[in-house]
Engineer: 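Can you keep this structure in mind? I'll have questions shortly.
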Amino acid sequence: MAGNNSPKWHIEVEYIQSCNCDYGCPCNFNALPTYGNCEALVAYHIIKGNFDNINLDDVTFAWGLWWPKAIHLGNGTSIIYVDKKATPSQVKAIEEILSGKYGGGIFAIFPTTVTTTLPTKITDIDFHYDPYDGWFSLKGAGEVRSQHIVNAKTGALFEGELVLPGGIGFKRGTVTSVDWHWKEENISLKHEKKNGHMSKVTFNNEGCIA
């Protein structure tokens with residue numbers, strides 16, 4: 001939790017998540033990752049928000065994250081992408097939130113597991129939220145496309161939600177199938193039919209609050 005003298009901030013977001021685990025992701029249940037390590041590319045579109053006196057309405061940003069083993073074992077790599085429509089002060093505010101210095105649930109916890117933070121990149125981010133069929137792209141870096149999980153026998157579309165009252169990244173989100181890729185310096189990933197979540201989330205200094 002941030003100190004009493006920390007800048008106050010609050011963001012209400014649409015959230016699209018991809019990772020390299022099987023559907024549902026064991027990390028949500030305090031279990032080890034499906035394939036031994038954790039890889040994720042996530043994006044947020046701020047519907048309404050602020051960092052101190054900086055308005056963050058309509059800012060879109062993404063976070064690329066890679067760990068050689070489970071997240072809590074550390075040695076991770078991270079990079080922030082901010083849509084080029086953001087102002088310099090808005091970019092700085094996003095960097096401050098994701099630094100982990102000012103609380104915010106996942107934004108406070110993940111930085112403690114990262115040893116390599118790559119410089120922030122300003123790029124075109126195309127973001128389209130949908131509970132199941134959302135997607136986003138980062139020009140020159142990667143893309144995440146979500147869809148319904150499909151029953152392998154019948155072809156029926158699966159719809160389901162994950163409810164996490166104590167969740168640090170979201171409290172309630174759909175479970176989806178994602179195809180995604182990400183390339184950044186020494187990282188080059190491509191995954192098909194892996195775990196995805198879509199959610200509308202609210203964060204502030206106290207953490208993930210809704």
Side-chain angles (χ1 to χ4, degrees), residues 11 13-22 25-27 32-46 51 56 59-102 104-128 134-146 168-170 176-198 203:
I11 56 174
V13 304
E14 296 172 325
Y15 174 53
I16 298 176
Q17 174 185 323
S18 71
C19 76
N20 64 316
C21 282
D22 288 344
C25 183
C27 300
L32 296 176
T34 306
Y35 302 104
N37 78 312
C38 288
E39 302 167 354
L41 186 60
V42 305
Y44 303 81
H45 174 71
I46 300 175
F51 179 84
L56 296 176
V59 172
T60 301
F61 66 96
W63 208 5
L65 296 153
W66 180 91
W67 294 268
K69 296 182 179 179
I71 295 171
H72 69 280
L73 296 177
N75 293 320
T77 297
S78 75
I79 181 170
I80 300 167
Y81 302 91
V82 183
D83 185 72
K84 70 177 186 180
K85 292 188 292 292
T87 66
S89 62
Q90 289 173 327
V91 172
K92 180 62 176 176
I94 297 301
E95 291 177 324
E96 290 292 287
I97 291 172
L98 270 65
S99 74
K101 295 184 291 185
Y102 305 111
I106 200 169
F107 301 131
I109 294 170
F110 275 11
T112 68
T113 69
V114 168
T115 54
T116 301
T117 301
L118 301 175
T120 298
K121 288 195 173 180
I122 311 303
T123 189
D124 289 297
I125 301 180
D126 201 356
F127 183 101
H128 298 266
W135 64 275
F136 69 88
S137 63
L138 312 174
K139 186 176 181 180
E143 182 179 57
V144 172
R145 286 196 172 266
S146 173
I168 61 172
F170 63 89
T176 76
S177 174
V178 292
D179 294 345
W180 66 283
H181 65 271
W182 175 35
K183 187 171 184 178
E184 191 62 60
E185 294 199 8
N186 295 326
I187 297 172
S188 183
L189 310 173
K190 185 176 182 179
H191 297 290
E192 295 181 349
K193 293 181 171 55
K194 297 303 181 183
N195 176 68
H197 300 296
M198 313 291 128
F203 297 93

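Side-chain atoms are counted along with the backbone in the values below, which use heavy atoms only and exclude waters and symmetry mates.
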Engineer: Please check: side-chain N/O of Asn20 versus main-chain N/O of Glu39, any donor-acceptor pairing under 3.5 Å?
Structural biologist: yes

Engineer: Can you see which heavy atom on Val178 is nearest to which on Gly196, and at what distance?
Structural biologist: CG1-CA, 3.8 Å

Engineer: Please lay out, stage by stage, how Lys194 and Glu192 fare under the test salt bridge (charged side-chain N to carboxylate O under 4.0 Å, His left out).
Structural biologist: CA-CA 6 Å; Lys194 297 303 181 183; Glu192 295 181 349; over 6 Å; no

Engineer: Which value, rounded to the nearest 0.5 Å, describes the distance between Leu189 atom CG and Glu184 atom CD?
Structural biologist: 11.0 Å

Engineer: How far apart are the closest heavy atoms of Pro111 and Ile106, and which atoms are they?
Structural biologist: CD-O, 3.9 Å

Engineer: Got a second to check how far Ile71's CD1 is from Thr113's OG1, nearest 0.5 Å?
Structural biologist: 6.5 Å

Engineer: I'd like to know whether Asn195 forms a side chain to side chain contact (heavy atoms under 4.5 Å, CB included) with Gln17, so could you lay out the CA-CA distance, the side-chain angles of the two residues, the decisive distance to 0.1 Å, and finally the verdict.
Structural biologist: CA-CA 8 Å; Asn195 176 68; Gln17 174 185 323; 3.9 Å; yes

Engineer: May I ask you to test the Lys84-Ile125 pair for a side-chain heavy-atom distance under 4.5 Å?
Structural biologist: no

Engineer: Examine distances only and state if a side-chain atom of Thr34 and a backbone atom of Asp22 form a donor-acceptor pair shorter than 3.5 Å.
Structural biologist: yes

Engineer: Show your working on side chain to side chain contact (heavy atoms under 4.5 Å, CB included) between His181 and His191 and close with a plain yes or no.
Structural biologist: CA-CA 6 Å; His181 65 271; His191 297 290; over 6 Å; no

Engineer: Do Cys21 and Pro26 have side chains that approach each other closer than 4.5 Å (heavy atoms only, starting at C-beta)?
Structural biologist: yes

Engineer: Between Thr123 and Lys139, is there a donor-acceptor pair closer than 3.5 Å when you use the side chain of the first and the backbone of the second?
Structural biologist: yes

Engineer: Ignoring hydrogens, what is the shortest heavy-atom contact between Asn37 and Trp66? Give both atom names and the distance.
Structural biologist: ND2-NE1, 3.7 Å

Engineer: His128 and Ile16: which non-hydrogen atoms are nearest, and at how many Å?
Structural biologist: O-CD1, 3.5 Å

Engineer: Given 3.5 Å as the limit, does a donor-acceptor pair link the side chain of Trp182 with the main chain of Glu143, or not?
Structural biologist: no

Engineer: Would you mind telling me which of Tyr81, Phe127, Trp63, Phe107 makes a ring-ring contact (aromatic ring centres under 6.0 Å, His included) with Tyr44?
Structural biologist: Phe107

Engineer: From the options Val42, Thr120, Ile122, Leu98, select the one residue that forms a side chain to side chain contact (heavy atoms under 4.5 Å, CB included) with Phe61.
Structural biologist: Leu98

Engineer: Quick check: do Phe170 and His197 have side-chain heavy atoms less than 4.5 Å from each other?
Structural biologist: yes

Engineer: Once rounded to the nearest 0.5 Å, what's the spacing between atom NZ of Lys190 and atom CH2 of Trp180?
Structural biologist: 13.0 Å

Engineer: Would you say the side chain of Met198 lies within less than 4.5 Å of the side chain of Glu14, judging by non-hydrogen atoms?
Structural biologist: no

Engineer: With side chains defined as the heavy atoms from C-beta onward, is the minimum distance between Trp67 and Asn75 less than 4.5 Å?
Structural biologist: no

Engineer: To the nearest 0.5 Å, what is the distance between OG1 (Thr60) and CG (Asp83)?
Structural biologist: 5.5 Å

Engineer: Can you find a pair of side-chain heavy atoms, one from Thr117 and one from Ile79, that are under 4.5 Å apart?
Structural biologist: no

Engineer: Any donor-acceptor pair under 3.5 Å linking the side chain of Asp179 with the backbone of Lys193?
Structural biologist: yes

Engineer: Do Ser146 and Trp135 have a side chain donor and acceptor closer than 3.5 Å?
Structural biologist: no

Engineer: On a heavy-atom basis, which atom in Phe136 and which in Leu41 lie closest, and how many Å separate them?
Structural biologist: CZ-O, 3.7 Å

Engineer: Taking all non-hydrogen atoms of both residues, which atom of Ser78 and which atom of Leu65 are closest, and how far apart?
Structural biologist: CB-CD2, 3.5 Å

Engineer: Test side chain to side chain contact (heavy atoms under 4.5 Å, CB included) on Thr77 and Val114 and set out the steps.
Structural biologist: CA-CA 6 Å; Thr77 297; Val114 168; 5.8 Å; no

Engineer: Does His45 form a side chain to side chain contact (heavy atoms under 4.5 Å, CB included) with Ile11? I'd like the steps, not just the answer.
Structural biologist: CA-CA 9 Å; His45 174 71; Ile11 56 174; over 6 Å; no

Engineer: Find the distance between CG (Leu138) and NZ (Lys183) and round it off to the nearest 0.5 Å.
Structural biologist: 15.0 Å

